[in-house]
Amino acid sequence: MKVLPLFSLVTLCLLSLYSCAEKEAKKPQKPNFLFIMSDDHAYQAISAYSDHLIQTPNIDRLAKEGMLFRNASVTNSICAPSRATILTGKHTHINGKIDNHNPFDTTQVTFPQIFQKAGYQTAMFGKLHFGNNPKGVDEFMILPGQGHYINPDFITQKGDTTITGYVTDIISDMSLEWLDKKRDPNKPFFLMYLHKAPHRPWWPRADKFKEYTQKTFPLPETLFDDYSNRGTAAKTAEMNLLYHMEYSHDSKIWPETIEDMGNVVPVVQNTQANIYNEFNRANEAQKQEYKPIIDAINEDFRQKWPSMTDKEKMTWKYQRYMQDYLGSISSVDDNVGRVLDYLDNNGLAENTIVVYTSDQGFYLGEHGWFDKRFIYDESFKTPLLIRWPNEIKPGTTEEEMVQNLDFAQTFLEAAQITAPEDMQGESLMPLLKGDSDKWNREAVYYHYYEYPSVHMVKRHYGIVTKEYKLAHFYYDVDEWELYDRKKDPKEMNNVYDDPAYAEIVKELKEKLAQLRVKYKDSKELDDKYIEQSKKY
C-alpha cells in the first residue's frame with residue numbers, strides 16, 4: 001500500500017475543502033421578499049395602469065423593472081377574506097373567512113409559518129385586519145381592525161401602543177427600522193409591509209390634503225349610470241356617491257354645517273361615524289394644520305350645495321372623494337419609494353422579490369359607485385406588480401388570468417420550499433420566468449358572501465375568462481348575468497338572455513360547475529354560510 005507524503009495529504013484536504021466551498025457558493029441563494037399591500041387601492045389609480053388620475057412613479061418602478069399583471073384578480077372582493085386567501089392559498093369557503101364577520105379558521109396553516117419553519121426571518125407591519133397574533137411572524141406591529149390614519153394605535157408583542165404621526169409614514173418607518181436594525185443579515189427575510197391607505201374614510205396627510213383639495217379630476221364615463229341592462233344587484237346596491245357617500249364621515253363636512261343648513265338633500269343615512277372620529281385623534285398642532293382646509297371645504301359646500309342639480313352634487317362629491325382618496329395614495333407612493341431606495345442603497349435589491357398589490361380593486365366613481373364587492377372589473381381586478389432582478393424581464397406585461405389565491409404557492413416555489421398539497425392556487429413561476437407555455441389556466445372562480453350587510457351587494461359567485469364573465473346572484477334573488485369582456489369592457493350590458501350567447505352560457509355554466517367541484521364549493525356550503533352569517 002502506497003502512503004502519501006504529509007504534504008500531499010494536506011493538499012488533498014485543502015482541495016477538498018475548496019471544492020466544497022465552491023459548491024456551497026454555487027448553491028442558489030434564497031431570495032428575500034418584500035410584500036407590499038395597500039387597502040382598496042384601485043388599479044385605475046396607479047399610473048403604470050392608467051395615468052388619467054394620478055402619477056405614482058415609485059410604484060411604477062416595479063412595472064418598469066419587473067412585471068405588471070393586467071388580469072390579476074381576487075377570489076372575494078372584501079378586505080379580511082382577501083387577506084385570509086393570500087395567507088392560506090385557499091378560497092374563503094375553505095379558510096372560513098367568507099366575510100368581515102365570520103371567523104377565520106385558526107387551524108389553517110399560513111405561508112409565513114412555512115417560511116419561518118424553513119429558516120426565513122419574518123415580520124409584519126401595518127394592517128392585517130383580523131386576528132391579533134399573526135402566525136409565523138417573528139415580529140409584528142399591526143393596526144387593530146381597520147386602524148386610524150392619525151396617531152394610530154398598534155398591537156405589538158409587547159403590548160398595545162399609540163404612535164404620533166400619519167399612519168402611512170409610521171408603517172414605513174417601522175418597516176425601514178426593521179430592515180436596518182433588526183434584520184438578521186445571515187437569514188433570508190420575508191417582510192410584509194401592509195398599508196391602511198387608501199381605505200375609507202380617506203384621510204390624506206395634512207400637506208397632501210392641502211395640495212389635493214386644489215385639484216380637479218376627469219369624470220368617469222359611467223358616473224351617471226342608471227343600471228339599465230343590468231340585474232337587480234346593481235340596481236339595489238348601496239354605494240352610490242350621491243345617495244350613500246356620507247357627508248361628514250366621507251366628504252369631511254362638519255356635523256354643525258349640516259345642522260346649520262337645515263335641509264341638506266338628498267338625505268344620506270349616516271353611520272355613527274363622522275369627521276370627528278378621525279379629527280379628534282389629532283393633537284392641537286395637527287388640528288391647526290387640518291382645520292383651515294376642512295373649513296374651506298365646508299364653506300364651499302355651504303355656498304354651492306343648495307342651488308346644485310343632482311348631477312352637480314354627484315360631481316361635487318366625486319371631486320371630494322378623489323381629492324382625499326388620491327391624496328392618501330400619494331403618500332403611499334412616496335413611502336414605497338423610500339423603501340425601494342433603502343433596498344437599492346443597502347445592496348438588497350438584487351436578491352429581493354418585491355410585490356405590490358391591493359387586497360382588492362375599488363370603484364372610483366365608475367357606475368356612480370365607491371367601494372368594491374362585485375365581480376365587476378373595478379372591484380374584481382386588483383393591481384399586481386412584481387420585481388425580481390435577473391429573473392423577471394424588465395418592463396414585462398402579463399395578460400394571463402391570475403389571482404391572489406396564487407400568491408402563497410408562488411412565494412414558496414420562489415423560495416424553493418414545498419407548498420402544502422391542500423393549497424388551491426397555482427404558482428406564477430412559469431409566468432415570472434417567461435415560460436407561459438407551462439401556464440394552462442383559462443378561467444378563475446369568484447364568490448362574494450357578505451349580504452345582507454353594509455352596501456347591500458347581493459351574494460354571488462361566478463367564472464371569469466379573458467373573454468367572458470358569468471355570475472349567479474342568489475339568496476333573495478336567482479339571477480344570472482353574462483358580460484362580453486371584449487365587446488363590452490365597461491360591463492354595461494348583461495347579455496345572458498341574448499340568443500346569440502346561448503352556447504356561451506351553456507359552456508360557461510358547465511365550466512363553472514367544474515370549478516365549484518375543483519375548489520370544493522357547493523350549494524350545501526352556500527346554505528351553510530347563509531345560516532352561519534345570521535349569527536353575526
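- Ring pair His460/Phe374 is tilted by interplanar angle, where 30° to 60° counts as tilted.
- The distance from the OG1 atom of Thr213 to the CD atom of Glu211 is 9.0 Å, given to the nearest 0.5 Å.
- Within the 3.5 Å criterion, the main-chain N or O of Lys304 finds a donor-acceptor partner in the side chain of Ser307.
- Note that OG of Ser82 is 10.0 Å distant from CD of Gln403, once rounded to the nearest 0.5 Å.
- The residue from Lys372, Lys97, Arg459, Arg373 that alone fulfils the salt bridge (charged side-chain N to carboxylate O under 4.0 Å, His left out) condition with Glu450 is Arg373.
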CA sep, side-chain torsions, deciding dist, call: Asn298, Glu256, side chain to side chain contact (heavy atoms under 4.5 Å, CB included): CA-CA 10 Å; Asn298 276 253; Glu256 296 87 347; over 6 Å; no
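- Here the closest heavy-atom approach between residue Thr122 and residue Val137 is recorded as OG1-CA, 3.2 Å.
- When each of Glu139, Met192, Met141 is checked for a side-chain contact (heavy atoms from CB on, under 4.5 Å) with Met124, only Met192 meets the rule.
- Both the sub-6.0 Å distance and the 45° axial angle are not jointly satisfied by Lys182 relative to the ring of Phe189.
- Between Trp305 and Trp316, the angle of the ring planes goes over 60°, which puts this pair in the perpendicular group of the 30/60° scheme.
- Ring pair Tyr321/Trp202 is tilted by interplanar angle, where 30° to 60° counts as tilted.
- The environment of CD in Gln157 is crowded: more than 12 heavy-atom neighbours from other residues, nucleotides or ligands sit within 6.0 Å.
- Taking the ring axis of Tyr43 as reference, the NZ or CZ atom of Lys381 stays within 45° of it and closer than 6.0 Å to the ring centre.
- With salt bridges taken as basic N to acidic carboxylate O contacts below 4.0 Å, none links Asp300 and Arg320.
- The backbone N or O of Ser331 sits less than 3.5 Å from a side-chain atom of Asn335, completing a donor-acceptor pair.
- For the pair Asn346 (side chain) and Leu348 (backbone), a donor-acceptor distance under 3.5 Å is absent.
- By the neighbour-count criterion of 12 heavy atoms within 6.0 Å, atom NZ of Lys287 is densely surrounded, having more than that number from other residues, nucleotides or ligands.
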Steps toward side-chain hydrogen bond (donor to acceptor under 3.5 Å, both in side chains) verdict (Ser47, Thr56): CA-CA 6 Å; Ser47 46; Thr56 52; 3.1 Å; yes
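- Looking only at atom types and distance, the side chain of Glu366 has a donor-acceptor partner in the side chain of Gln44 under 3.5 Å away.
- The number of heavy-atom neighbours closer than 6.0 Å to NZ of Lys291, taken from other residues, nucleotides and ligands shown, is 12 or below.
- Every residue two or more places apart in sequence or in another chain that forms a salt bridge (charged side-chain N to carboxylate O under 4.0 Å, His left out) with Lys458 is listed here: Asp476.
- Under the ring pair (Phe, Tyr, Trp, His ring centres under 6.0 Å) test applied with His455, the options Trp369, Phe370, Tyr363 reduce to a single match, Phe370.
- Here the straight-line distance linking atom CZ of Arg387 with atom CD of Glu65 works out to 5.0 Å at 0.5 Å rounding.
- Salt-bridge annotation for Arg338 and Asp173: present, with a side-chain N of the basic residue lying under 4.0 Å from a carboxylate O of the acidic one.
- You'll find the ring centres of His195 and Tyr193 inside the 6.0 Å limit.
- If you check the side chains of Gln146 and Lys196, you find no donor sitting under 3.5 Å from an acceptor.
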Trace of the side chain to side chain contact (heavy atoms under 4.5 Å, CB included) decision for Leu62 with Leu340: CA-CA 9 Å; Leu62 300 177; Leu340 294 181; 4.1 Å; yes
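- Counted by atom type alone, Asn283 and Asn151 present zero donor-acceptor pairs between their side chains at under 3.5 Å.
- When side chains are defined from C-beta on, Ile297 does not count as touching Ser251, because their heavy atoms never get closer than 4.5 Å.
- Counting heavy atoms of neighbouring residues, nucleotides and ligands inside a 6.0 Å radius, atom NZ of Lys313 exceeds 12 of them.
- In summary, the aromatic rings of Phe111 and Phe190 are positioned with their centroids under 6.0 Å apart.
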Residues Trp254, Asp295; criterion side-chain hydrogen bond (donor to acceptor under 3.5 Å, both in side chains); working and verdict: CA-CA 8 Å; Trp254 301 116; Asp295 284 345; 2.9 Å; yes
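- Side-chain atoms of Gln113 never come within 3.5 Å of backbone atoms of Lys135 as a donor-acceptor pair (strictly under, hydrogens ignored).
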Asp333/Asn58 under side-chain hydrogen bond (donor to acceptor under 3.5 Å, both in side chains): CA gap, chis, key distance, verdict: CA-CA 6 Å; Asp333 187 68; Asn58 296 297; 3.1 Å; yes
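- Of the listed residues (Tyr166, Trp203, Tyr149), just one forms a ring pair (Phe, Tyr, Trp, His ring centres under 6.0 Å) with Tyr290, and that residue is Trp203.
- Between Asp225 and Lys235 there is no salt bridge, since no side-chain nitrogen of the basic residue lies less than 4.0 Å from a carboxylate oxygen of the acidic one.
- With a 6.0 Å cutoff to the six-membered ring centre and a 45° limit on the axis angle, Lys30 does not count as a cation-pi contact of Tyr120.
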Stepwise side chain to side chain contact (heavy atoms under 4.5 Å, CB included) check, Thr161 with Thr156: CA-CA 8 Å; Thr161 186; Thr156 81; 4.1 Å; yes
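- Rounding to the nearest 0.5 Å places SG of Cys79 at 4.0 Å from CG of Asp39.
- Aromatic rings from Phe301 and Tyr247 are positioned such that their centres are separated by under 6.0 Å.
- Leu194 contributes atom CG, which lies 9.5 Å from atom CG of Asp359 (distance to the nearest 0.5 angstrom).
- Note that the CG atom of Asp138 and the CG atom of Leu191 stand 11.5 Å from one another [nearest 0.5 Å].
- A distance below 6.0 Å separates the ring centres of Tyr356 and His41.
- Remark: Lys208 is not positioned above the aromatic ring of Tyr212, lacking an NZ or CZ atom under 6.0 angstrom from the ring centre and at most 45 degrees off the axis.
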Gln323 and Gln319: CA distance, side-chain angles, deciding distance, side-chain hydrogen bond (donor to acceptor under 3.5 Å, both in side chains) verdict: CA-CA 6 Å; Gln323 290 164 358; Gln319 296 297 344; 4.9 Å; no
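- Nearest heavy atoms, Ile98 versus Ser533: CD1-OG, 3.8 Å.
- Ser248 and Ile253 get closest at one heavy-atom pair: OG-O, 2.9 Å.
- In the displayed structure, Glu221 atom CD is contacted under 6.0 Å by at most 12 heavy atoms of other residues, nucleotides or ligands.
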Stepwise side chain to side chain contact (heavy atoms under 4.5 Å, CB included) test for Val167 and Ile150: CA-CA 6 Å; Val167 68; Ile150 302 172; over 6 Å; no
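- The aromatic rings of Phe115 and Phe33 lie perpendicular to each other, with more than 60° between the two planes, well past the 30° mark.
- In this structure, Asp344 and Ala349 approach most closely via the heavy-atom pair OD1-CB, 3.2 Å.
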